[in-house]
Amino acid sequence: VLSLAIGLWMGRRMARAAVWAADARHRERELEASRRQLIAWVSHDLRTPLAGMRAMAEALEDGVVDDAESMREYHHRLRMEADRMARLVDDLFELSRIHAGALNLTVADVGLGDVVSDALAAASPIATSRSVRLRTPVHAAWPTVKASERELGRVVANLVLNAVRYTPPDGTVTIDGGRDAAGPWLAVSDTCGGIPEADLDRVFDVAFRGSRARTPDTGAGGGLGLAIVRGLVEAHGGTVAARNAGDGCRFEVRLPA
Ligand code: ADP
């Protein structure tokens, strides 16, 4: 009986070790694919706008553009592009810190309600300009979570800003949260019309941009926002998932209890 028990125990341990090794290989392959996507992203998303900026700067320098109105327009576009590229470089930096496992999260008790208020305040001007209503249900009972305030703020801000940008005018973005048997949760729902089922998982991939990608007037993005969201949530030991619900989609974040 003893040798049978030992045999069973060893067998279970070996099976667990094999599952663990397969998981590690799978994770390593995912990271490698992600690194390749990042390199392709840098060469396209940073080099293409740089070429455009150089062409505009040359046109100004060579005097090809010389009337005051066009010159103002060129300078304005140069500054907008420079701002956008600075944001992309910040995102790229954040993602590379996540990939390198170099986040060094400073975890403390954080009120989810405070993080949500900050994200709402930041998103309010763009929501107003797009006639999108921002709401939180009155019953929302915001839990306190163990998290890095800065990184969690980034997660919520990215989700709320995306919802506002991808929801057509006159739509509604709802931010809800609470705590259930599985632990604290936060959900951002919108009325964007839904995401194609096949894309629901891929939206978190580096450089993935759906058919409903942002236009320049909503601040063309680099497709890194949700990859950052997933990386930051997982660094906290949590999960994030997207699904279609009602007239739009719902992004749900779960943090460890
Ligand atoms: P970006 O917004 O810069 O394109 P993201 O990683 O934030 O990059 O999003 C990836 C893609 O997921 C977007 O291009 C869009 O197609 C889709 N998406 C993200 N958030 C939403 C949302 N709230 N509603 C509908 N589609 C969304």
If we only count heavy atoms from C-beta on, is the [X] to [Y] side-chain gap below 4.5 Å?
{"X": "R84", "Y": "R87", "value": "yes"}
{"X": "N162", "Y": "V229", "value": "no"}
{"X": "D205", "Y": "R230", "value": "yes"}
{"X": "V253", "Y": "L159", "value": "yes"}
{"X": "V173", "Y": "V188", "value": "yes"}
{"X": "L224", "Y": "V206", "value": "yes"}
{"X": "I98", "Y": "L232", "value": "yes"}

| task | Sequence neighbours left out, what pairs pass side chain to side chain donor-acceptor pair (under 3.5 Å) with at least one residue falling in residues 184-197? | result |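 Only E197-N244 qualify under side chain to side chain donor-acceptor pair (under 3.5 Å).
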| Selection residues 101-129 - residue pairs positive for side chain to side chain donor-acceptor pair (under 3.5 Å), sequence neighbours left out |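 Pairs touching residues 101-129 that pass the test: D109-K146.
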Which residues satisfy the side-chain contact (heavy atoms from CB on, under 4.5 Å) test with [X], sequence neighbours excluded?
{"X": "L120", "value": "V116, L134, T136, I175"}
{"X": "R97", "value": "F93, E94, L103, R150, E151"}
{"X": "D199", "value": "I195, P196, R202, F208"}

| query | For the atom pair CE (M80) and CZ (R77), what is the distance rounded to the nearest 0.5 Å? | reply |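 Reported to 0.5 Å precision, the distance equals 10.5 Å.
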| message | If I take atom CZ from residue R54 and atom CD from residue E61, how far apart are they, to the nearest 0.5 angstrom? | response |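 Interatomic distance, R54 CZ to E61 CD, rounded to 0.5 Å: 11.0 Å.
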| Carboxylate-amine/guanidinium contact R25 E28, below 4.0 Å |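 A salt bridge is absent here (no side-chain N lies under 4.0 Å from a carboxylate O).
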| Salt-bridged, R79 to D83, with N to O below 4.0 Å? |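 Looking at D83 together with R79, the answer is yes, because their closest N to O distance falls below 4.0 Å.
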Would you say the side-chain atoms of [X] pair up with the backbone N or O of [Y], donor to acceptor, closer than 3.5 Å?
{"X": "H75", "Y": "M71", "answer": "yes"}
{"X": "H236", "Y": "S148", "answer": "yes"}
{"X": "R130", "Y": "R165", "answer": "yes"}

Identify the two heavy atoms, one from [X] and one from [Y], that lie closest to each other, and give their separation to 0.1 Å.
{"X": "V164", "Y": "A123", "value": "CG2-CB, 4.5 Å"}
{"X": "L226", "Y": "F251", "value": "CD1-CE2, 3.8 Å"}
{"X": "P168", "Y": "C192", "value": "CD-CA, 3.9 Å"}
{"X": "A182", "Y": "A257", "value": "O-CB, 4.2 Å"}
{"X": "G178", "Y": "P143", "value": "O-CG, 3.3 Å"}

| field | Trace of the side chain to side chain contact (heavy atoms under 4.5 Å, CB included) decision for E69 with R72 | value | CA-CA 5 Å; E69 178 66 12; R72 241 196 321 276; 3.1 Å; yes
| Tell me the salt bridge (charged side-chain N to carboxylate O under 4.0 Å, His left out) pairs involving residues 240-257, sequence neighbours left out? |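 Qualifying pairs: D180-R254, R250-E252, E252-R254.
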| task | Please test L152 against L112 for side chain to side chain contact (heavy atoms under 4.5 Å, CB included), starting from the C-alpha separation and ending with a verdict. | result | CA-CA 9 Å; L152 189 60; L112 202 49; 3.8 Å; yes
| message | Counting only heavy atoms from other residues, nucleotides and ligands, does the tally under 6.0 Å from CG of D90 exceed 12? | response |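 Yes - once you tally the heavy atoms of other residues, nucleotides and ligands closer than 6.0 Å, there are more than 12.
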| query | Take atom CD in E149; do more than 12 heavy atoms of anything else shown fall under 6.0 Å from it? | reply |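 Atom CD in E149 is not packed in, count stays at 12 or less.
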| task | Verify the cluster assignment for V107 and V156: are they in a single hydrophobic cluster under the rule of side-chain heavy atoms below 4.5 Å apart? | result |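 Yes, because V107 and V156 connect within a single hydrophobic cluster, where side-chain heavy atoms sit under 4.5 Å apart.
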| Is there a path from L105 to I228 through hydrophobic residues (I, L, V, M, F, W, Y) whose side chains come within less than 4.5 Å of each other? |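 Yes; I228 is reachable from L105 via cluster members.
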| Would L78 and L60 satisfy side chain to side chain contact (heavy atoms under 4.5 Å, CB included), going step by step from the backbone distance to the final call? | CA-CA 11 Å; L78 272 171; L60 285 168; 3.8 Å; yes
| task | Check the pair L46, L92 against side chain to side chain contact (heavy atoms under 4.5 Å, CB included), reporting the backbone distance first and the verdict last. | result | CA-CA 10 Å; L46 291 185; L92 190 60; 4.2 Å; yes
